[in-house]
Amino acid sequence: MAINGIDDYIAAVKQIVPHARTTTRTTVANVWFTLLDIAGNPGAASALAAGNTANGVVPVAGITGTVNGRPFINFTSGLGYLATVDFGSTVACRLRIVDVLFAVGAFAYNNTGTNSLSSQPSYSSRIPSGTDYTGLEIWLQVTTAFVTGNNWTVSVTYTDQDGNTGHTTGATSALAAASLTIGKLLQLPLAAGDTGVKKIEAVVVTNGATAMTAGNFNILVVRPLWEGRCNAANTGDTHGIGETGMPQLWATSALELWVNADSTSSGLPEVTFEIASK
Amino acid sequence: MSISTLAQLRSCQRQRVTLSNKTVTSNQLEAPAAATLRWHSLWFIGGVPSAGSSPNNTTTGVVPTNATTGAPSISSFSGQTGYVTRVDITASDNEGNAPWRFFLCDLLFWTGPYAASAGLTTLSSQPSYSSRLPTVGGNPDYTGLSIWQYIDSGTISGTKTLTVGYTDQDGNPGHSTGSVTFAGLRIGHMTQFPLAAGDVGVQKIESVNATAGGSGNSGVMVIRKIGHALYMPENSVPQRITRHWDESSLTQVFSDSCLMLVLQGNNVLSNAQNPTMLATCDISIR
């Protein structure tokens with residue numbers, strides 16, 4: 001059942017989900033990084049790699065027996081919403097919670113040419129109405145640090161939000177190893193006129209001279225849920241239901257915390273968010 | 001009965017709990033190293049509530065309650081459901097305009113203190129804290145609980161390392177946190193343990209392993225976070241912050257909850273500034 005009013009929200013089942021990291025990650029100023037594989041609570045993921053380069057996977061919430069590093073989501077029926085978010089960090093930064101809908105990788109730095117996917121699993125059950133693919137984003141996620149090169153590019157071919165195939169993000173500018181450190185996230189721009197993505201069709205890699213000699217990456221499709229700002233070290237805020245807008249999420253949502261630090265350390269972010277379900 | 005409507009929330013019985021009316025000294029609050037921001041429990045500081053002490057139990061551990069010395073007093077609402085619907089914090093001093101962060105938690109279980117080189121201590125007959133947890137499908141929800149180290153007394157000299165063995169949120173025993181290594185911390189300082197890969201909570205503490213050198217006592221606690229708040233002085237003037245029900249998540253608490261306020265101060269402190277922290281919360285009951 002949907003939460004349609006204040007009374008519905010008050011009566012809703014509420015799960016409080018703390019999410020904290022106990023170790024920092026070296027970052028690049030003003031660049032997004034994942035913290036999925038960093039120690040904390042929930043326990044760190046055992047690996048960043050998606051584990052499938054042929055079809056891709058639809059990541060899911062943490063469950064018993066898995067080591068994917070994602071929070072457990074407790075509601076099993078009805079509709080769920082990200083309601084309130086308490087957040088803070090030991091460094092000035094932006095924080096983001098996303099639902100990772102699709103992941104393919106990890107591709108090696110030298111998987112050059114067109115890596116076509118097939119039988120890609122659908123993530124339609126994790127988007128509003130099952131049909132609204134708008135607002136989804138394509139990101140590159142570095143799973144193993146790149147080494148040596150300075151002329152590496154990637155582009156992604158995809159089906160857009162309306163089901164039109166063969167669209168492309170276009171190739172990135174030439175990327176150097178120093179800018180592809182572990183955990184780094186790089187958003188790939190959609191084609192003109194596109195507002196979302198229904199399916200990843202292919203990943204195209206070039207490894208020009210000076211070539212990379214190591215490195216691995218995933219391609220992700222994510223749905224952004226929330227973002228907040230810590231203006232200075234040891235600050236944060238609380239976003240109530242009016243500020244979060246209560247985006248819908250699912251019992252299988254693969255929630256992930258990203259950080260965009262002002263400086264070169266992720267700091268120790270702590271986010272406590274509430275999932276309201278009815 | 002639960003609170004299900006705004007009208008019920010407005011009309012229900014409510015009690016105001018004093019979480020803290022304590023003066024915090026710079027020496028108590030300041031982190032040992034300028035680059036390290038540390039969480040600090042107000043448990044061991046005198047005032048209202050009065051200063052608490054360590055459980056002094058390293059064999060079974062203890063489930064503290066609202067009746068434990070150091071815990072805020074909660075009037076019993078047995079048979080009813082209580083929710084934190086408002087948190088209010090103010091300080092008497094600006095501390096150089098630097099921000100402070102707080103979180104409120106229910107201290108569910110703790111054990112200690114352990115001497116610096118106590119080695120491995122295995123607990124037995126640990127008391128359960130399941131009655132202090134919200135339920136999911138009729139079962140206590142152990143997800144979202146976290147394990148923390150706390151300093152019991154004095155100042156840690158040298159470098160000490162703690163590792164904790166625990167049963168995870170689903171009842172699987174034999175899991176281990178990553179180790180927490182610390183030096184120079186003072187009484188009340190707290191450090192969170194990282195859980196094992198795949199874990200999101202804890203059902204029971206099984207063992208504590210205190211290794212390496214150094215001196216000073218520390219212990220281990222399991223907490224359930226209720227919410228965070230940020231205190232931000234403005235223009236060198238102390239401020240007041242209030243979190244209402246739409247921000248406090250209507251988090252459930254219990255008649256015997258051992259509420260504890262934890263703060264993270266800044267590192268640039270003046271020895272002349274010893275702020276009094278006044279914090280209250282409302283528990284709405286139905």
Side-chain angles (χ1 to χ4, degrees), chain A residues 5-18 20-23 38-46 62-72 74-76 83-84 86-90 230-243 267-268 270-274 276, chain B residues 2-9 36-37 83 87 98-103 134 136-137 141 143-147 168-170 172 175 177-178 180 191-202 224-230 232 241 243-252 264-267:
Chain A
I6 290 295
D7 284 354
D8 285 345
Y9 167 68
I10 291 172
V13 173
K14 297 177 183 65
Q15 178 190 359
I16 307 302
V17 183
R21 299 292 97 179
T22 57
T23 305
I38 298 297
N41 185 348
S46 58
I63 55 174
T64 301
T66 67
V67 287
N68 64 16
R70 303 186 190 283
F72 284 29
N74 289 341
F75 74 93
T76 56
T84 67
D86 274 327
F87 63 99
S89 181
T90 56
C230 299
N231 287 331
N234 202 28
T235 66
D237 203 350
T238 297
H239 285 180
I241 55 176
E243 290 159 303
L268 301 176
E270 295 195 42
V271 176
T272 301
F273 58 91
E274 173 197 37
Chain B
S2 61
I3 293 175
S4 302
T5 66
L6 185 59
Q8 290 170 357
L9 179 61
T36 305
L37 295 169
Y83 306 83
V87 178
W100 296 13
R101 293 163 58 205
F102 294 85
F103 70 78
V136 175
D141 181 10
T143 66
L145 307 185
S146 50
I147 307 174
D168 76 4
Q169 69 283 340
D170 296 312
N172 301 304
H175 288 216
T177 65
V180 166
T191 306
Q192 185 170 5
F193 285 93
L195 299 182
D199 287 349
V200 296
V202 53
R224 179 170 75 99
K225 279 189 178 179
I226 292 173
H228 286 84
L230 168 71
M232 189 73 181
I241 56 167
R243 294 284 178 248
H244 293 285
W245 64 269
D246 59 328
E247 295 169 312
S248 68
S249 306
L250 291 170
T251 309
Q252 188 178 357
Q264 185 175 84
N266 62 78
N267 289 316

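Convention: sequence-line order gives letters A, B, ...; per-chain numbering from 1.
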Closest approach of [X] to [Y] (non-hydrogen atoms, all atoms of both residues):
| X | Y | value |
| --- | --- | --- |
| A7(B) | D7(A) | N-OD1, 4.5 Å |
| P194(B) | T22(A) | CB-OG1, 3.2 Å |
| N41(A) | L145(B) | ND2-O, 3.0 Å |
| V67(A) | A197(B) | CG1-O, 3.5 Å |
| P18(A) | G144(B) | CG-O, 3.1 Å |

- Note on the structure: Across all chains, not counting sequence neighbours, the side chain to side chain contact (heavy atoms under 4.5 Å, CB included) partners of D168(B) are Y166(B), D170(B), N172(B), H175(B), D199(B)
- Note on the structure: By side chain to side chain contact (heavy atoms under 4.5 Å, CB included), T191(B) pairs with (sequence neighbours left out) R38(B), Q149(B), V180(B), L185(B)
Please look at [X] and chain B and tell me whether the side chain, the backbone, both or neither of the residue comes under 4.5 angstrom of a heavy atom of that chain.
| X | value |
| --- | --- |
| A44(A) | backbone |
| I6(A) | side chain |
| Y9(A) | side chain |
| T64(A) | both |
| R21(A) | neither |

- Note on the structure: Max heavy-atom pairs within cutoff under 4.5 Å with chain B, candidates A39(A), G40(A), A20(A), goes to G40(A)
- Item | Leading residue by heavy atom contact count with chain B [cutoff under 4.5 Å; candidates L268(A), T90(A), I241(A), D8(A)] | T90(A)
Nearest 0.5 Å, please: how far is [atom2] in [Y] from [atom1] in [X]?
| X | Y | atom1 | atom2 | answer |
| --- | --- | --- | --- | --- |
| R243(B) | D237(A) | CZ | CG | 5.5 Å |
| S89(A) | Q264(B) | OG | CD | 9.0 Å |
| I16(A) | R224(B) | CD1 | CZ | 8.0 Å |
| Q15(A) | T143(B) | CD | OG1 | 5.0 Å |

Quick one: does [X]'s side chain get under 4.5 Å of [Y]'s, heavy atoms only?
| X | Y | result |
| --- | --- | --- |
| K225(B) | D86(A) | no |
| T5(B) | I10(A) | no |
| T251(B) | E274(A) | no |

Heavy-atom distances under 4.5 Å only: say whether [X] touches chain A with side chain, backbone, both or neither.
| X | result |
| --- | --- |
| L9(B) | side chain |
| F193(B) | backbone |
| Q169(B) | side chain |

